[in-house]
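Since the structure comes first, as structure tokens, the remarks are kept for the end.
Given the structure is predicted, the values throughout are model-derived calculations rather than measurements. In the text below, chain A, chain B and the rest are named by the order of the sequence lines, each starting its count at 1.
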Amino acid sequence: MKKMFVLIDCNNFYVSCERVFDPKLNNIPVAILSNNDGCIVARSNEVKKLNIPMGAPYFKYKGLLEYNNGKVFSSNYQLYGDMSQRVMDSIKMLLSGEIEVYSIDEAFIYLDSNNTENLFELFKEVKEKIYKWVGIPVSIGAGATKTLAKFANNYAKKNTKEGIFIFETPYKHKEIMKSISVEDIWGISTRWGRRLKVLGYCNSYQLCHADTATIRAYLGVVVTRIVKELQGISCIELEQVKPKKNIMSSKSFGTLLSNIEPIEEALANYVARACEKLRAQKSKAQGIYVFLHTNKFKHYESQYSNSSTIGFEYPSSDTGFIIKQAKNLLKKIFREGYKYKKTGIILLDIIPEKEMQYNLFFNDISNKDYLMKVIDEINQKFGKKTVFHLAQGITKRWVMKSEYMTFRYTTCWEELLKIK
DNA sequence: TCTGGGGTCCTAGGACCC
DNA sequence: TCTGGGGTCCTAGGACCC
């Protein structure tokens, strides 16, 4: 038996997390909202049946959901993050092979050849154990390439009773491939899908047998790679956890803001968050990009958006220093007289701490490194923002809305599930 | 009233170098 | 009169993912 890529994907993950702690949510429409309760980012099958699309603005569908006795929740990332960890740990215990945690709710596994006797039975067991241990239902797809594993997983989720599908060869699954449109293939979306259809490649089976030279000429190497992957030739490797090259932190405000002070506070918080991530991956940034804009959906109000970049003299991961730099950039781009919706920062040109180049006049800032380490440790132990920079502020006029938040059942003592 | 946040990779074109 | 050819690096923008 050849080695195989397997994709395990949690079904309606955020919704499933909420259902673990409240079984009354089973069999009714449940939707999870984005930050600020703006968009619908996760839907139960009942919500999907109401034809509510992914990413839809909540206010447009609020009535429909209420009419159908649906429930909505704000995103509870601490809960979802912890549940995700449990699912991933379970997978590692149940399957042997290299694993790539691809997103919060899915993982690729490059299965070792030693556990391939009766794959279907094996996957059934994996699925049952994850449900028993963590309470989350998953779908499992397998194939010779990542693209085929993804294809198999999508098919398993929508069209099989067990939620498991093993892709063998394009010839064997000819009819299934013919029924899947090109834009439903991983890596191809509406634009490329449209162009492929113009070239006469409408379904997966047609694309699988496409002329690669034509594809290369009209759509470039990325799509060519996907065609080969569909044929069973692996071109997309399992990715190792790589340190990020850029780190972004940005959020919309809970309300529109006209003064610079609360925006500065918000930005300082995003900087602090980004710097935490930066230090966690033991890196330093060599510059930052700051942006600010009004609410582009309010056509009747005057619009403004701007951004600015600065490079540092030395690579840094010092929150205090970077807050100062970010505030300077913000002052440069801020204009009076607008109602602002969002600001954010991207840390640029990130390099490993170890590779830092010093110049002749470098002042020793190791004390700052030590200070940051202590702050990170305290916040990890005693909770987020136990210690913070004054610039992060206490007015909190910018904080995001989350009106429908459930408890952090698994990561917070005060919010443990209570049995009455 | 009300429209998320965080990423990656590829390509084309310009600046610059010898 | 007549003005090359080959390369690298950077950036912006476009496409995709969850």
Side-chain angles (χ1 to χ4, degrees), chain A residues 7 9-10 12-14 31-43 52-63 65 72 74-75 77 80-81 84 100-108 146-147 150 153-154 182-196 216-226 229 235-237 239-256 266 269-270 273-274 277-278 281 287 289 291 293-301 307 309 311 339 341-350 400-404:
Chain A
L7 178 67
D9 185 308
C10 301
N12 315 326
F13 181 55
Y14 296 173
I32 311 296
L33 306 177
S34 63
N35 288 341
N36 282 313
D37 299 338
C39 294
I40 294 169
V41 292
R43 304 161 297 156
I52 297 176
M54 175 69 175
Y58 172 50
F59 72 90
K60 283 191 184 168
Y61 292 96
K62 196 173 175 190
L65 280 164
V72 296
S74 307
S75 292
Y77 286 112
Y80 309 152
S84 169
E100 172 192 344
V101 176
Y102 181 69
S103 74
I104 194 164
D105 71 338
E106 59 192 301
F108 284 103
K146 277 178 139 182
T147 305
K150 194 85 186 177
N153 188 291
N154 285 340
V182 283
E183 67 265 18
D184 293 330
I185 297 169
W186 186 47
I188 293 172
S189 188
T190 37
R191 278 154 227 257
W192 285 349
R194 223 180 291 144
R195 284 161 75 178
L196 284 170
R216 176 73 183 82
Y218 286 92
L219 290 120
V221 295
V222 180
V223 181
T224 311
R225 222 156 33 208
I226 293 171
E229 284 253 319
C235 306
I236 307 172
E237 299 294 306
E239 302 224 356
Q240 305 308 317
V241 190
K242 277 184 288 190
K244 303 271 180 254
K245 294 171 187 168
N246 299 300
I247 294 175
M248 160 147 49
S249 181
S250 141
K251 276 189 197 69
S252 304
F253 311 128
T255 53
L256 296 178
N269 279 279
Y270 307 157
R273 177 83 194 99
K277 287 195 213 165
L278 181 67
Q281 69 168 47
Y289 170 92
F291 62 89
H293 57 77
T294 49
N295 186 347
K296 60 176 188 272
F297 291 105
K298 295 202 162 187
H299 306 290
Y300 45 90
E301 292 204 353
S307 62
T309 307
K339 294 180 183 163
K341 177 67 177 168
K342 183 173 179 180
T343 188
I345 180 171
I346 305 179
L347 305 175
L348 304 170
D349 303 321
I350 292 172
M400 64 179 189
K401 254 191 330 197
S402 31
E403 285 179 37
Y404 318 101

Atom [atom1] of [X] and atom [atom2] of [N]: how far apart are they, to the nearest Å?
X: A:L256; N: B:dC2; atom1: CG; atom2: P; answer: 7 Å
X: A:N269; N: B:dG5; atom1: CG; atom2: P; answer: 14 Å
X: A:N36; N: B:dC2; atom1: CG; atom2: P; answer: 11 Å
X: A:I346; N: C:dG13; atom1: CD1; atom2: P; answer: 14 Å
X: A:W186; N: C:dC18; atom1: CH2; atom2: P; answer: 8 Å
X: A:D184; N: C:dC17; atom1: CG; atom2: C1'; answer: 15 Å
X: A:M54; N: C:dC18; atom1: CE; atom2: P; answer: 9 Å
X: A:K341; N: B:dG4; atom1: NZ; atom2: P; answer: 7 Å

Checking all strands, does [X] fall into the base, sugar-phosphate, or nothing category for heavy-atom contacts under 4.0 angstrom?
X: A:I188; result: sugar-phosphate
X: A:K401; result: nothing
X: A:D37; result: nothing

| said: Is it the case that over 12 heavy atoms from other parts of the model lie below 6.0 angstrom from the OH atom of A:Y77? | reply: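 Result for OH/A:Y77: enclosed.
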
| task | Check whether more than 12 heavy atoms from other residues, nucleotides or ligands sit under 6.0 Å from atom NZ of A:K277, and answer yes or no. | result |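 Atom NZ in A:K277 is crowded, with more than 12 foreign heavy atoms closer than 6.0 Å.
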
Under 3.5 Å: donor-acceptor pair, side chain of [X], backbone of [Y]:
X: A:E403; Y: A:D37; result: no
X: A:R195; Y: A:L219; result: no
X: A:N246; Y: A:L348; result: no
X: A:T224; Y: A:G220; result: yes
X: A:S250; Y: A:I345; result: no

From C-beta outward on [X], which listed nucleotide comes closest to its side chain: [options]?
X: A:S103; options: B:dG4, C:dC16, C:dC18; value: C:dC18
X: A:D105; options: B:dG5, C:dC18, C:dC16; value: C:dC18
X: A:F297; options: C:dC16, B:dT3, B:dC2; value: B:dT3
X: A:P57; options: C:dC17, B:dT3, B:dG4; value: B:dT3

| query | When rounded to the nearest 0.5 angstrom, what is the spacing between CD in A:Q240 and CD in A:E237? | reply |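 These two atoms lie 9.5 Å from each other.
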
| Can we say A:E239 and A:K146 salt-bridge, meaning some charged N sits less than 4.0 Å from an Asp/Glu carboxylate O? |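 A salt bridge is absent here (no side-chain N lies under 4.0 Å from a carboxylate O).
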
| request: Return one dot-bracket line describing DNA chain B 5' to 3' (Watson-Crick or G-U wobble pairs, both distances under 3.5 Å; ( ) same strand, [ ] crossing, | another strand, . none). | output: ....||||||||||||||

| Per-nucleotide protein contact string for nucleotides 6-11 of chain B (B base, S sugar-phosphate only, - none; heavy atom under 4.0 Å) | SSSSSS

For [N], does either OP1 or OP2 sit under 4.0 Å from a side-chain N or O belonging to [X]?
X: A:S34; N: B:dT3; answer: no
X: A:K342; N: B:dG5; answer: yes
X: A:K150; N: C:dC18; answer: yes
X: A:S75; N: B:dG4; answer: no

| message | Could you work out, with ring pair (Phe, Tyr, Trp, His ring centres under 6.0 Å) as the rule, every residue matching A:W186, not counting sequence neighbours? | response |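 A:W186 satisfies ring pair (Phe, Tyr, Trp, His ring centres under 6.0 Å) with A:Y102, A:F108 only.
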
